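Read the structure below first, then the notes.
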Amino acid sequence: MKQKVVIRVTLNNGKKNARSKAMQIAVGLQGVESVSLQGEDSSQIVVVGDNIDSVILTSLLRKKVGFAELTSVSPVSTEGEKAKQETKPSESGIQSMVWPTYQAGVPYYYQPGAPYYAYEVAGYNQNSYNIM
């Protein structure tokens with residue numbers, strides 16, 4: 001689901017790169033398609049994308065930039081784009097196949113440790129006391 005998130009951020013807190021840092025944080029989040037600054041003093045960050053977690057974005061901006069307040073979260077309608085895509089058939093009549101994306105990662109392999117062996121030492125008695 002595409003959504004539009006508006007977050008108000010105080011960007012004039014003495015830091016030089018506050019605007020660019022805020023935009024980099026917003027772009028680094030998964031699912032973000034576009035980021036823009038709006039408002040009369042460019043204090044609102046508007047983020048558009050698929051399934052954006054607005055709470056995580058707001059808390060990241062609070063940690064890295066300063067004060068951030070979640071103003072609104074609203075769905076973006078894409079009905080016009082879907083209608084255009086559905087009415088345009090392929091010329092050859094063959095449907096294209098879309099493969100699911102693969103999340104690359106490091107596989108986890110279980111490697112058992114070395115076996116544990118217990119040996120009894122001959123001639124050692126725990127109950128004997130030597131007083132010197």
Side-chain angles (χ1 to χ4, degrees):
M1 178 178 89
K2 242 183 177 179
Q3 58 187 1
K4 176 181 176 182
V5 179
V6 179
I7 300 173
R8 189 179 67 167
V9 181
T10 54
L11 297 173
N12 298 329
N13 54 358
K15 296 180 182 177
K16 292 181 181 179
N17 302 352
R19 286 191 177 121
S20 63
K21 191 171 187 179
M23 302 235 343
Q24 285 177 355
I25 291 168
V27 170
L29 208 60
Q30 183 177 3
V32 174
E33 293 178 3
S34 69
V35 177
S36 63
L37 291 173
Q38 289 182 353
E40 42 196 55
D41 57 347
S42 298
S43 63
Q44 292 180 347
I45 297 176
V46 178
V47 182
V48 178
D50 291 328
N51 296 328
I52 301 169
D53 194 347
S54 58
V55 176
I56 290 178
L57 178 59
T58 306
S59 64
L60 282 173
L61 288 170
R62 282 182 188 155
K63 286 179 185 177
K64 303 288 182 174
V65 178
F67 177 76
E69 179 183 9
L70 184 60
T71 305
S72 69
V73 178
S74 60
V76 176
S77 64
T78 58
E79 295 173 5
E81 294 175 7
K82 286 183 182 178
K84 290 178 185 176
Q85 291 176 357
E86 291 177 8
T87 58
K88 183 181 176 185
S90 61
E91 295 174 4
S92 63
I94 300 173
Q95 291 182 334
S96 62
M97 185 172 202
V98 178
W99 294 94
T101 58
Y102 173 71
Q103 295 289 334
V106 178
Y108 175 75
Y109 295 106
Y110 174 72
Q111 296 178 352
Y116 177 73
Y117 297 106
Y119 296 103
E120 187 173 325
V121 178
Y124 178 72
N125 189 358
Q126 291 182 348
N127 295 332
S128 65
Y129 299 109
N130 291 334
I131 301 175
M132 296 178 113

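FYI, side chains are in, hydrogens and waters are out, and symmetry mates aren't considered; it's all heavy atoms of this structure. Given the structure is predicted, the values throughout are model-derived calculations rather than measurements.
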Quiz item: Gln44 and Leu37: side chain to side chain contact (heavy atoms under 4.5 Å, CB included), yes or no, with the steps?
Solution: CA-CA 6 Å; Gln44 292 180 347; Leu37 291 173; over 6 Å; no
Should [X] and [Y] count as side-chain neighbours, where that means a heavy-atom distance under 4.5 Å?
X	Y	answer
Lys4	Val46	yes
Asn51	Met1	yes
Val6	Ile45	no
Pro75	Lys2	no

Closest heavy-atom pair and its distance - [X], [Y]:
X	Y	value
Asp41	Arg19	O-NH2, 3.4 Å
Ala68	Val9	CB-CG2, 4.1 Å
Ala26	Val32	O-CG2, 3.2 Å
Val5	Ser54	CG1-CB, 3.9 Å

Practice problem: Please lay out, stage by stage, how Gln3 and Ile52 fare under the test side chain to side chain contact (heavy atoms under 4.5 Å, CB included). | Solution: CA-CA 7 Å; Gln3 58 187 1; Ile52 301 169; 3.5 Å; yes
Exercise. Decide side chain to side chain contact (heavy atoms under 4.5 Å, CB included) for Thr71 and Ile7; before the verdict, give the C-alpha distance in whole Å, the side-chain angles of both, and the deciding distance to 0.1 Å.
Key: CA-CA 5 Å; Thr71 305; Ile7 300 173; 5.8 Å; no
Quiz item: Under the side chain to side chain contact (heavy atoms under 4.5 Å, CB included) criterion, do Leu60 and Ile56 qualify, and how do the steps go?
Solution: CA-CA 6 Å; Leu60 282 173; Ile56 290 178; 4.1 Å; yes
Quiz item: To the nearest 0.5 Å, what is the distance between CD1 (Ile25) and CG (Leu57)?
Solution: 8.5 Å
Quiz item: At what distance, to the nearest 0.5 angstrom, does CZ of Arg8 lie from CD of Gln38?
Solution: 15.0 Å
